[in-house]
Novice: 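Just dropping this structure here.
Computed from a predicted model, the values in this text were never measured in an experiment.
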Amino acid sequence: MNLKMKLTASISAFFLVVGLMLMGIMAVNQATVNMGGSINFTATDVYARVTGKIENAQGEYADKELPPLEFSAENGTPDQSGWSGLNLLFDDDATPIVITVTVENLARDRQLTASLTDNTAINENLVKDLKQDGVTYTSGTTKDLDASTGNDTSTTTYVVTFSIADHNKSLPQMNFDFDIDLMDEGYEPINYSSFGFTFNQTSDTTGELVSYTGTETNVTVPSSYSVVDGKFIEGDTYTITAIADGSSSSNGAFYQVRETLGSVTLPNTIVYIGRWAFNSCSSLTSVSIPSSVTYIGNSAFNNCNSLQPSITDQGVKYLGNSENPYVVLWDGKDITSSSYTVYNDCKIIYFDAFDQSLRNIILPSSLTSIGDYAFDGCTYLTSIDLSKCTSLESIGNYVFSGRKANFTSIDLSQCTSLISIGEYAFYNCQSLTEVDLSNCTSLISIGNDAFYFCIGLTSIDLSDCTSLTSIGSYAFRNCNNLESITLPYPTEWYRTTSSSAISGDSMNMSNPTQNATLLTDTYDNYYFKRNA
């Protein structure tokens, strides 16, 4: 019995030893390797986004999406950021940990170079492969992100792979550190401070140029310029859409250099030039205006006595650029005939463009806006052909005002893009008996006093103006012979004494005869608005 017991004990001890040995082997096989480290980025003169992902790691970083990084670096000042504290755990089956780093070039107009530097202390049991687009790279290699123009955004992906060559050995904690430099390649950085532009941010996606405070006399605004919180950046997130003073009528964007400014070239991101923008720039000889501009405010070129036209046609002066010199009909007061056809490709008739000599004018399909006072004082004007003006969006203030005789009708039926009719647009046109607004489905607003004292009108039919939501005060005042006004959606209107009000006294405008009384007499000083 004692022998049996000893044999049992010996056998048990044997299996215990074997078990412990196996556990030791398994312990080696199942041992994890903890790697702690960082991936650092330095961006110079670029606008880029970096994203990252870790795959096949154990624990905290198992299939981990790293937070995206954005870099906006200018003027040679580096922008630094990265991911640190990356504690990566391997398991025993030697499945490689893969770190994918994607660098996205957001600038588009410049080439981006991304270079990776390895600061890892290489251990014989650790194999590091740097792969990109299927090609094996060594530390310090570079890859250009060729940012072609257009809507495509270039990207480059770095794949960093860690694997354990001998997982049967116990490995100490390893540290890794990769530095990726993002830099402008072959692009001469702009000295932004020398331009001295200041901006107001007017919305989430637009910026308004308030002033130019630099000293350059020949200014070219780069097409890549954008603005965020008054600071230029590269990219398409924000776009300069306006040049205006935004403050007073005495100053403009270039007012501080008005006596020395010689030329200005605008990029095709500009769509609006505000009032007084180049006021009193007495030395300004040329402005290159792109075709993207659709509106120019009052007196934008006031007292620019040295400004030369891009082209002159029959005494009419145009401003534009080399591709389209006819963008703006700037000055038609030297017209050599009583009848004139505005040149094709003209988009804007500028403020106070014509004088009394004009009797007839034909406007092109390219026209987008007619500036304030464009025909004010053209007392001999008997007809104006708007039949081609399908792109016309705005008729400015006082455009046709003051014509007591001869001007009898105006056909706006083809102006399907027309959005607004300005204040006093037809003021005191006493002989005007017909205004055709049929098909003006885009018309939103009729300005204050727009048809004031048009005593020849007998009816106004706005029923086809299905976008109409606002009629200004005194719009039909003293239209004493007006018998009917027909409005779209007649039960949705209200009246108010405030131009900014969003509610008021509800009005049922279903009776055209009653409407004529309300808008020409009873409530002629009210604003009529519609709950659209």
Side-chain angles (χ1 to χ4, degrees), residues 352 354-356 358-361 370 372-387 389 392 394-415 418 420-440 443 445-465 468 470-488 490 493 495 497 499 507 509-529:
D352 195 23
F354 296 98
D355 65 7
Q356 296 184 16
L358 192 66
R359 295 177 181 270
N360 178 52
I361 188 167
I370 301 175
D372 295 357
Y373 300 94
F375 304 102
D376 189 19
C378 293
T379 55
Y380 298 107
L381 186 66
T382 58
S383 66
I384 182 167
D385 188 350
L386 294 161
S387 62
C389 295
L392 183 64
S394 64
I395 295 174
N397 303 332
Y398 293 94
V399 168
F400 302 105
S401 67
R403 285 163 192 76
K404 295 183 178 180
N406 300 325
F407 197 69
T408 58
S409 67
I410 185 165
D411 185 356
L412 299 173
S413 63
Q414 303 305 309
C415 300
L418 186 64
S420 64
I421 297 175
E423 298 180 359
Y424 295 93
F426 298 95
Y427 167 71
N428 203 27
C429 290
Q430 296 185 21
S431 298
L432 188 64
T433 59
E434 182 181 2
V435 178
D436 191 345
L437 292 165
S438 61
N439 301 321
C440 290
L443 183 63
S445 66
I446 297 174
N448 300 344
D449 304 272
F451 296 93
Y452 189 161
F453 213 64
C454 289
I455 58 176
L457 291 176
T458 58
S459 67
I460 294 286
D461 187 353
L462 300 170
S463 60
D464 291 329
C465 303
L468 187 66
S470 177
I471 299 174
S473 64
Y474 299 117
F476 300 101
R477 190 180 194 186
N478 287 359
C479 293
N480 298 331
N481 294 312
L482 198 58
E483 298 176 353
S484 68
I485 299 178
T486 306
L487 298 177
W493 292 84
R495 71 175 191 270
T497 57
S499 60
M507 301 291 295
M509 312 295 286
S510 301
N511 187 328
T513 302
Q514 176 181 283
N515 295 344
T517 302
L518 295 176
L519 275 83
T520 62
D521 186 13
T522 309
Y523 298 115
D524 62 355
N525 63 328
Y526 279 69
Y527 297 89
F528 280 77
K529 299 185 177 183

Novice: Is Y424 close to V399 at the side-chain level, that is, under 4.5 Å between some pair of heavy atoms?
Specialist: no
Novice: Would a 4.5 Å heavy-atom cut-off, applied to side chains only, mark I410 and F400 as touching?
Specialist: yes
Novice: Can any side-chain N or O of D372 pair as donor or acceptor with the backbone N or O of N397 at less than 3.5 Å?
Specialist: yes
Novice: Within this structure, what is the CG-SG distance for the pair D411 and C389, rounded to the nearest 0.5 Å?
Specialist: 10.5 Å
Novice: Are any side-chain N or O atoms of K529 and backbone N or O atoms of G472, one a donor and one an acceptor, separated by less than 3.5 Å?
Specialist: no
Novice: Under the side-chain contact (heavy atoms from CB on, under 4.5 Å) rule, what do T517 and T522 come out as? Steps first, then yes or no, please.
Specialist: CA-CA 6 Å; T517 302; T522 309; 3.7 Å; yes
Novice: In sequence, state the C-alpha distance, the side-chain angles, and the governing distance for I421 and L437, and then conclude on side-chain contact (heavy atoms from CB on, under 4.5 Å).
Specialist: CA-CA 11 Å; I421 297 175; L437 292 165; 4.2 Å; yes
Novice: Regarding S401 and N428, is there a side-chain donor-to-acceptor distance under 3.5 Å anywhere?
Specialist: no
Novice: Which of these, I471, T497, N448, sits in a side-chain contact (heavy atoms from CB on, under 4.5 Å) with Y527?
Specialist: N448
Novice: For residues S383 and N360, is any side-chain donor paired with an opposing acceptor at under 3.5 Å?
Specialist: yes
Novice: May I ask you to test the L482-L519 pair for a side-chain heavy-atom distance under 4.5 Å?
Specialist: no
Novice: So which heavy atom on R359 is nearest to which on L381, and how close?
Specialist: O-CD1, 3.3 Å
Novice: How far apart are the closest heavy atoms of P488 and C465, and which atoms are they?
Specialist: CG-O, 3.2 Å
Novice: Please lay out, stage by stage, how M509 and L518 fare under the test side-chain contact (heavy atoms from CB on, under 4.5 Å).
Specialist: CA-CA 9 Å; M509 312 295 286; L518 295 176; 4.3 Å; yes
Novice: Might you point out which heavy atoms bring A475 and G447 nearest each other, and give the distance in Å?
Specialist: CB-O, 4.0 Å
Novice: Taking the side chain as everything from C-beta on, heavy atoms only, tell me whether N515 gets closer than 4.5 Å to T486.
Specialist: no
Novice: When rounded to the nearest 0.5 angstrom, what is the spacing between CG in N439 and CD in Q414?
Specialist: 6.5 Å
Novice: Check residues 456-463 and write down every donor-acceptor pair under 3.5 Å in which the side-chain atom is one partner and the other belongs to a residue at least two apart or another chain.
Specialist:
residue, atom, partner, partner atom, Å
D461, OD1, S463, N, 3.0
D461, OD1, S463, OG, 2.7

Novice: With heavy-atom distances below 4.5 Å as the criterion, would you say the side chains of Q430 and F407 are in contact?
Specialist: no
Novice: Return the minimal non-hydrogen interatomic distance between S473 and N525, and the atom names on each side.
Specialist: CB-O, 3.4 Å
Novice: Taking all atoms of both residues into account, what is the closest heavy-atom pair of L392 and S394, and its distance?
Specialist: CD1-O, 3.6 Å
Novice: Just checking, R495 and F528: is the charged tip under 6.0 Å from the six-membered ring centre and within 45° of the axis?
Specialist: no
Novice: OH of Y474 to CZ of F453: how many Å apart, nearest 0.5 Å?
Specialist: 15.0 Å
Novice: For T408 and L432: C-alpha separation, side-chain torsions, deciding distance, then whether side-chain contact (heavy atoms from CB on, under 4.5 Å) applies.
Specialist: CA-CA 4 Å; T408 58; L432 188 64; 5.9 Å; no
Novice: Find the distance between OG (S470) and CD1 (I446) and round it off to the nearest 0.5 Å.
Specialist: 8.5 Å
Novice: Taking all non-hydrogen atoms of both residues into account, name the closest pair between N478 and I455 and its distance.
Specialist: O-CG2, 3.5 Å
Novice: Can you say whether the rings of F451 and F476 are parallel (under 30°), tilted (30 to 60°) or perpendicular (over 60°)?
Specialist: parallel
Novice: Side-chain contact, heavy-atom cut-off 4.5 Å: D449 with E423?
Specialist: no
